[in-house]
Amino acid sequence: MTHKWAFKLGMRAGAYSWKSSAKAIDRLKSASTEIRAVARTDPTAAAEGVIALAQRIWPAFEHIDTSSGALGNAVRRTLEDLLPVLIEAPADEKTRTKWLEQLREAIEDDGVDYLAPLADRFGQIAAYPALMNLHADCDLDMMRGAWADHERFSHVTTGTLTLSCLLEAGRYDELMALLALKKTSLWFDMKFGAEAQLRQGREDQALAFAEALLKDDGRQWGHHEIARFCEDILVRQGREDEAYRRFGLPTASGNTYLAMWRDLVKRYPDLDARMILVDLIESHGSKGKWFAAAKTARCLDLALDCAAHSDAAPATLIRAARDFAIKEPAFAAQIGLHAIAHLLAGRGYEPSPLDIDEAVTHVMDASARVGQRGPMLRELQRLAANTATDVIMSTRLKSLIADIEKGDG
């Protein structure tokens with residue numbers, strides 16, 4: 001019995017208008033949740049759900065503004081998450097034949113390459129050698145003609161799925177010969193050639209093939225993926241330090257500087273975490289922005305050094321002064337002092353006297369714990385004295401400075 005998919009109702013052709021990106025992303029999430037839930041009890045039905053979703057993505061989302069990239073990223077993540085459901089489903093050759101025909105048609109009709117993740121893995125979705133070869137041959141002659149014509153640009157919509165099928169069918173020589181015809185060498189095509197070399201045990205050739213793309217003029221599309229491919233080969237060969245220096249450091253990724261450090265520490269668990277942090281600071285710059293990573297790594301001397309730089313975020317420093325006030329009071333006092341200095345210099349996002357009040361409270365509490373209240377008061381007085389008259393000043397700091405001048409500090 002065919003499963004009744006709830007997500008189909010919200011994935012009708014033309015269902016979304018120009019500004020419906022957020023709504024479409026929510027619909028994708030609910031569709032993915034529904035499919036993965038079905039996969040636990042009926043993997044074949046779940047795979048058919050993936051096909052049904054893929055068929056509806058372009059018709060439903062055709063009129064949505066995609067300029068922000070948010071919807072495109074959401075579609076890619078959703079399809080990549082669901083690919084194992086489709087690839088691993090226990091379907092016979094006849095069933096997969098039907099699925100592949102439906103997918104091919106959806107890819108041909110796709111207006112903005114939403115379905116690129118499925119095209120990339122089409123050969124794996126095919127599963128059976130006969131189906132891999134069938135879809136590899138379907139547009140092969142057309143691709144040869146189009147790619148050999150360097151005078152005109154001819155895009156072949158099914159080009160990626162053809163390359164995927166050639167790769168999975170083990171037709172490596174044909175794959176490499178086809179890629180050699182292409183005028184432009186871009187990773188979304190050339191990755192299949194690099195993988196073909198790798199599958200034949202030619203690691204050095206695969207490395208050279210991929211690395212050559214990094215040496216093209218300008219920044220190659222897919223630069224990050226190419227570097228990761230090269231890095232993985234070197235790690236596999238036991239050349240970890242070389243992999244780290246040549247490709248790991250430059251491709252550390254994450255939404256924050258802390259995430260970048262964690263990414264590299266996870267990828268290179270045998271390397272010293274402090275050394276990785278120092279290397280990242282040296283290679284990527286913006287020292288103040290690495291404060292959270294240094295703090296998390298318990299490299300408090302590095303954290304203090306980072307906190308002193310002008311690009312350190314005062315709000316982050318104030319939170320750290322609060323969090324470390326009891327367990328590391330000397331550190332907390334110095335961090336809070338740096339936060340006050342930055343705020344008095346007008347740094348940070350919409351600096352306020354209330355921020356300075358909070359920082360002063362944490363500084364005085366922490367300094368009292370280590371018997372440094374007097375020296376800290378004098379340091380605050382020095383900071384206030386060197387502050388321009390038009391810069392914000394907090395009530396509490398003014399009060400402390402007044403007490404010092406009256407001899408009450």
Side-chain angles (χ1 to χ4, degrees), residues 252 254-266 268-269 271-282 284-345 347-349 351-384 386-387 393-397 399-401 403-404 409:
N255 295 327
T256 64
Y257 288 81
L258 173 59
M260 291 171 65
W261 172 73
R262 282 175 168 162
D263 172 55
L264 265 192
V265 169
K266 182 178 179 180
Y268 292 92
L271 296 184
D272 179 67
R274 180 188 174 95
M275 181 199 75
I276 291 175
L277 178 58
V278 171
D279 289 341
L280 282 169
I281 293 172
E282 290 179 353
H284 291 270
S286 301
K287 192 167 189 176
K289 297 184 183 299
W290 292 99
F291 169 78
K295 170 179 66 72
T296 303
R298 300 296 297 178
C299 299
L300 301 188
D301 57 330
L302 282 179
L304 280 171
D305 197 18
C306 293
H309 279 251
S310 60
D311 51 1
T316 302
L317 302 183
I318 293 171
R319 286 194 297 272
R322 176 199 64 199
D323 296 341
F324 282 82
I326 295 176
K327 54 186 175 182
E328 294 285 352
F331 172 74
Q334 290 299 318
I335 290 301
L337 198 63
H338 285 307
I340 294 168
H342 291 317
L343 289 168
L344 290 176
R347 301 175 191 135
Y349 179 72
S352 159
L354 295 178
D355 297 326
I356 299 180
D357 274 345
E358 182 181 355
V360 168
T361 297
H362 298 319
V363 165
M364 297 313 299
D365 288 348
S367 61
R369 292 179 186 278
V370 290
Q372 293 295 309
R373 178 180 170 82
M376 190 56 66
L377 281 171
R378 289 191 289 275
E379 187 60 27
L380 288 173
Q381 183 183 34
R382 184 190 65 80
L383 284 177
N386 292 331
T387 299
M393 186 70 75
S394 79
T395 302
R396 177 147 196 223
L397 184 55
S399 175
L400 284 171
I401 300 306
D403 288 344
I404 295 171

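Just so it is clear, the structure is predicted and the values come from calculations on it, not from any experiment.
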Novice: Within this structure, what is the CG-CH2 distance for the pair Leu277 and Trp261, rounded to the nearest 0.5 Å?
Specialist: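 One gets 7.0 Å once the value is rounded to the nearest 0.5 Å.
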Novice: Tell me the closest heavy-atom pair linking Ala321 and Ala332, and the distance in Å.
Specialist: O-CB, 3.4 Å
Novice: Which pair of non-hydrogen atoms, one from Ala293 and one from Leu258, has the smallest distance, and what is that distance?
Specialist: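 Scanning both residues completely, I find the closest heavy atoms to be CA-CD1, 3.6 Å.
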Novice: Please lay out, stage by stage, how Arg262 and Thr256 fare under the test side-chain contact (heavy atoms from CB on, under 4.5 Å).
Specialist: CA-CA 10 Å; Arg262 282 175 168 162; Thr256 64; over 6 Å; no
Novice: Heavy-atom distance under 4.5 Å between the side chains of Leu337 and Ser367, does that happen here?
Specialist: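 No, their side chains stay 4.5 Å or more apart.
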Novice: Quick one: CG on Leu302 to CZ on Arg274, what's the gap to the nearest 0.5 Å?
Specialist: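 Between atom CG of Leu302 and atom CZ of Arg274 there are 4.0 Å.
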Novice: How close do Ile318 and His362 get, heavy atom to heavy atom, and via which atoms?
Specialist: O-CD2, 3.8 Å
Novice: If I take atom CD1 from residue Ile276 and atom CG from residue Leu271, how far apart are they, to the nearest 0.5 angstrom?
Specialist: 5.0 Å
Novice: Quick one: closest heavy-atom pair of Ala366 and Ala333, and the distance?
Specialist: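 Nearest heavy atoms, Ala366 then Ala333: CB-N, 3.8 Å.
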Novice: Kindly say whether Ala307 contributes a backbone atom to a donor-acceptor pair with the side chain of His342 at under 3.5 angstrom?
Specialist: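 Pair found, side chain donor or acceptor close to backbone of Ala307.
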Novice: So do the side chains of Leu377 and Met364 get within less than 4.5 Å of each other, counting heavy atoms only?
Specialist: yes
Novice: If you count heavy atoms of other groups shown closer than 6.0 angstrom to CG of Asn255, is the number above 12?
Specialist: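 Check fails, neighbour count at 12 or below.
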Novice: I would like to know whether Arg369 and Glu328 meet side-chain contact (heavy atoms from CB on, under 4.5 Å); could you show each step before the answer?
Specialist: CA-CA 10 Å; Arg369 292 179 186 278; Glu328 294 285 352; over 6 Å; no
Novice: I need the Cys306 SG to Leu300 CG distance, nearest 0.5 Å.
Specialist: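 Answer for the SG-CG pair, Cys306 versus Leu300, is 11.5 Å.
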Novice: Closest approach of Ala303 and Ile335, non-hydrogen atoms and distance?
Specialist: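 Scanning both residues completely, I find the closest heavy atoms to be O-CD1, 4.4 Å.
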Novice: Out of curiosity, Asp355 CG to Leu317 CG, how far, rounded to the nearest 0.5 Å?
Specialist: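 Reported value, rounded in 0.5 Å steps: 11.5 Å.
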Novice: Rounded to the nearest 0.5 Å, what's the gap from CZ on Arg322 to CD on Glu358? Could you check?
Specialist: 7.0 Å
Novice: For residues 304-314, which residue pairs pass the side-chain hydrogen bond (donor to acceptor under 3.5 Å, both in side chains) check, not counting sequence neighbours?
Specialist: Lys287-Asp305
Novice: Which pair of non-hydrogen atoms, one from Leu304 and one from His338, has the smallest distance, and what is that distance?
Specialist: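 Taking Leu304 first and His338 second, the nearest heavy atoms are O-NE2, 3.9 Å.
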Novice: Does Val278 offer a backbone N or O that forms a donor-acceptor pair with the side chain of Trp290 under 3.5 Å?
Specialist: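 Pair absent, no side-chain N/O of Trp290 close to backbone of Val278.
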